[in-house]
Amino acid sequence: MAPSSSLFSLLLFALLLGTARAEDPYHFHTWDVKYATLSPLGTPQKIITINDQFPGPRLNGTSNNNIVVNVFNHLDEPLLFTWNGIQQRKNSWQEGLPGTNCPIPPGTNVTYKFQVKDQIGSYYYYPSTSLHRAAGGYGPITVHSRELIPVPYDFPEAEHTVLVGDWYTKPLPDLTKLLDSGRSLGRPEGVLINGKGGKIESNPNPKEEPMFTMLPGKTYRYRFCNVGMKNSINVRFQKHSMKLVEVEGSHTVQNIYDSLDVHLGQCYAVLVTADQEPGDYYLIASTRFTKEAVASRALVRYDGGKAPAPAEIPEAPVGWAWSLNQFRSQRWNLTASAARPNPQGSYHYGKINITRTIKIVNSAGAVDGKLRYAINGVSHVNPETPLKLAEYFRVADKVFKYNLIKDDPGEVGETMTMAPDVVNATFRDFIEIIFENREKSVQTWHLSGYSFFSVAIEPGKWTPAKRSNYNLLDAVSRNTIQVYPGCWAAVMLTMDNAGMWNLRAGSTERAYLGQQLYFSVLSPELSLRDEYNLPDDQLLCGIVKDMPRTKLYTI
Ligand SMILES: *[C@@H]1O[C@H](CO)[C@@H](O)[C@H](O)[C@H]1NC(C)=O
Ligand SMILES: *[C@@H]1O[C@H](CO)[C@@H](O)[C@H](O)[C@H]1NC(C)=O
Ligand SMILES: *[C@@H]1O[C@H](CO)[C@@H](O)[C@H](O)[C@H]1NC(C)=O
Ligand SMILES: *[C@@H]1O[C@H](CO)[C@@H](O)[C@H](O)[C@H]1NC(C)=O
Ligand SMILES: *[C@@H]1O[C@H](CO)[C@@H](O)[C@H](O)[C@H]1NC(C)=O
């Protein structure tokens, strides 16, 4: 092709891209974030509300829609929100984590702008600063398929978002003090379902308002996310089974389950058909793998139904072997069409050569006598200057060191160092991450900016020979994976999203005390095709506060 014609097609491409983007609808939101006194478990406590709601309002849209959220911080502390599961293609500027963004000072506002590019599915947002999420501030995000893209099930009558999670009644400053002084949060006091805690053992109350309603004979989509602090949650309905249809953005093979384990940070969408005697039924959410389960219930009412909920409460499964089997039964529906953010990695991911294997080993220990958690011996701390900004302004060497951890750490003891933990990744590499859990509790891991193929979870220690056990055909592409005690899990992904991305423990306590790191993924060509420039209105802080804003990336 002659240089002029290739330039022409490039321009045409840019033009088309520009038009396509302009046509994608915008959804504008204004959020007033403040404290309110609420008593979800009977004890009055200060809870973070958004526009006076807890959970916060739903962010809803269709693939490729643009979301604009103008956040007013009325708290007395700096604040950030992160959009858990939204991939922010080329745009870690909007990630809203302490490693990517300067916090919103109290009494001011900041506007997040992002596109839910090539995604569908069930996600959520939460405040990512300090321990704010222990005080609420979370809410659902739902992304629907575009009209022309078929969804592999009949359109449900309606849908319900269900945020479940364990919950503490201690005031936020007390919880923060516990962690800062090197202790653990201890056990949660209860479980909330959409911000409410319904006592599971009390008798049906005819005056109880239903949280969800269904028309007899109709099918509903329930989107569950575990937004809790510490525990896996099992969800189940009285007398109704659930048909799994989506896991964190992937249409799945539609298995039927009586109950579903939703591990920390995970989201699942199921279909429930109102096919029982019209009346009341409970949805139960209870903690898993704890000595004594804490639980909650929410009322589901058939429209016009009069019968009280059945007395019998279905039991949760026991032990993690059941849960591992449930993981193995979850498969990607290969024939369903869908928005796919990773075209290179999507089809036939099992045939791509692995260029790098990173082993992530979690550990608990103490630094100066205080409890800390680490990855491969490094316990992450957030510097005052966000990592992404330090890198963009070319002052990374003043803020952090790259690659403190080894890809294969060998035996990891209790000793650890505290430092900002940033790992270089090569743009477009196809990598494998192995999570080894040598501890006694179930762990989960979330990666921002990506979804990965969850190819295996197995008991024992990982060796390269275990690759022959991977599901290289229809593993679910998702963003959070659980690892049972004494087990390992393997995921695969293409690092094709340039930016600064966070890998973190799903347990808030662990992430807060250092069990997280950032992947720095840079496009070598400094091209706008691969990453957006620093937005003009991006807050600056730390050592880059007064530096001139340059445009690093060009066409
Ligand atoms: C969410 O968005 C979808 C697609 O844009 C729309 O069909 C649906 O009505 C919206 N739901 C709510 C509750 O706003
Ligand atoms: C703050 O809110 C005002 C009023 O809505 C808006 O005009 C302004 O752009 C916002 N500022 C930022 C930095 O988002
Ligand atoms: C997978 O999706 C296809 C196409 O939409 C659908 O017909 C099929 O029923 C789905 N398969 C399973 C096992 O859920
Ligand atoms: C993958 O690796 C194998 C063995 O090293 C090699 O023969 C093959 O050409 C590679 N495939 C690709 C697509 O690079
Ligand atoms: C990591 O990436 C940074 C930024 O591109 C670069 O300066 C550094 O040399 C890289 N380090 C290694 C070990 O690749």
Side-chain angles (χ1 to χ4, degrees), residues 26-34 50-51 66-75 78-81 93-94 96 101-114 120-121 144-156 219 221 241-247 249-257 268-271 273 328-340 343-357 389 426 428-432 464 467-468 470-477 492 494-496 534-541 545 549:
Y26 279 78
H27 300 280
F28 294 95
H29 304 269
T30 303
W31 281 5
D32 284 304
V33 183
K34 47 185 148 183
I50 300 171
N51 300 345
N66 295 289
I67 312 277
V68 181
V69 192
N70 187 357
V71 178
F72 286 79
N73 176 11
H74 303 289
L75 308 185
L79 177 70
L80 282 173
F81 282 94
W93 304 116
Q94 307 295 328
N101 293 71
C102 300
I104 313 168
T108 69
N109 66 305
V110 146
T111 306
Y112 291 91
K113 302 180 200 84
F114 55 87
I120 58 124
H144 293 257
S145 281
R146 283 186 288 172
E147 256 171 39
L148 296 175
I149 312 267
V151 170
Y153 47 91
D154 289 340
F155 206 76
T219 297
R221 176 167 48 204
S241 57
M242 298 172 274
K243 187 193 269 186
L244 185 70
V245 290
E246 180 241 335
V247 175
S250 294
H251 294 305
T252 58
V253 166
Q254 294 170 12
N255 297 326
I256 311 278
Y257 299 106
Y268 297 82
V270 302
L271 298 181
T273 299
R328 287 183 174 149
S329 70
Q330 292 165 357
R331 302 296 171 108
W332 199 26
N333 181 340
L334 294 177
T335 51
S337 30
R340 296 191 210 282
Q344 298 93 328
S346 281
Y347 309 96
H348 314 302
Y349 64 90
K351 297 209 170 72
I352 309 173
N353 286 346
I354 298 166
T355 46
R356 183 175 178 188
T357 300
L389 293 177
T426 306
R428 298 216 171 101
D429 257 11
F430 187 69
I431 71 163
E432 170 189 51
R467 289 189 183 123
S468 60
Y470 287 3
N471 174 358
L472 294 180
L473 180 68
D474 58 359
V476 176
S477 172
M492 292 171 152
T494 306
M495 298 298 259
D496 59 358
L534 176 81
D536 291 336
D537 60 354
Q538 197 82 349
L539 268 187
L540 300 183
C541 55
K545 190 170 192 321
R549 293 164 187 262

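Ligands are counted one by one from 1 in listed order, and the atoms in each one are counted from 1 as well.
- Applying the 4.0 Å criterion to heavy atoms of T111 picks out, from ligand 2, the atoms 12 (C), 14 (O).
- With T219 contributing its side chain and P156 its backbone, the two residues share no donor-acceptor pair below 3.5 Å.
- At the top of the distance list for atom 2 (O) of ligand 4, counting protein heavy atoms only, stands N353 ND2, 2.3 Å.
- The backbone N or O of K113 lies less than 3.5 Å from a partner atom in the side chain of Q94, making a donor-acceptor pair.
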Residue pair T335, N333: steps toward the side chain to side chain donor-acceptor pair (under 3.5 Å) verdict:
CA-CA 6 Å; T335 51; N333 181 340; 2.8 Å; yes
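- Looking only at protein heavy atoms, the nearest one to atom 3 (C) of ligand 2 is N109 ND2, 3.7 Å.
- Near P152, meaning under 4.0 Å from any of its heavy atoms, are these atoms of ligand 3: 2 (O), 5 (O).
- Of the protein's heavy atoms, at least one falls inside 4.0 Å of atom 14 (O) of ligand 4.
- Atoms of ligand 2 lying under 4.0 Å from at least one heavy atom of V110, given by number and element, are 14 (O).
- Nearest to atom 5 (O) of ligand 2 among the protein's heavy atoms is N70 ND2, 3.2 Å.
- The atoms of ligand 3 that sit less than 4.0 Å from any heavy atom of A336 are 2 (O).
- Among the candidates R221, E246, K243, the single residue satisfying the side-chain hydrogen bond (donor to acceptor under 3.5 Å, both in side chains) test with Y153 is R221.
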With side chain to side chain contact (heavy atoms under 4.5 Å, CB included) as the criterion, how do T111 and N70 come out once you've worked through the C-alpha distance, each side chain's angles and the decisive distance to 0.1 Å?
CA-CA 4 Å; T111 306; N70 187 357; 3.4 Å; yes
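- In this structure, atom 7 (O) of ligand 2 is not in close contact with the protein, since no protein heavy atom lies within 4.0 Å of it.
- Of the candidates L244, N333, L334, D474, the one placing a heavy atom closest to atom 10 (C) of ligand 3 is N333.
- Using a 4.5 Å cut-off on side-chain heavy atoms (C-beta onward), R467 and I354 make contact.
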CA sep, side-chain torsions, deciding dist, call: Y349, S477, side chain to side chain donor-acceptor pair (under 3.5 Å)
CA-CA 10 Å; Y349 64 90; S477 172; over 6 Å; no
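- Using a distance-only test at 3.5 Å, with no hydrogens or angles considered, no donor-acceptor pair links the side chain of Q330 to the main chain of V476.
- Contact between D537 and ligand 2 is absent, with no heavy atom of the residue lying under 4.0 Å from the ligand.
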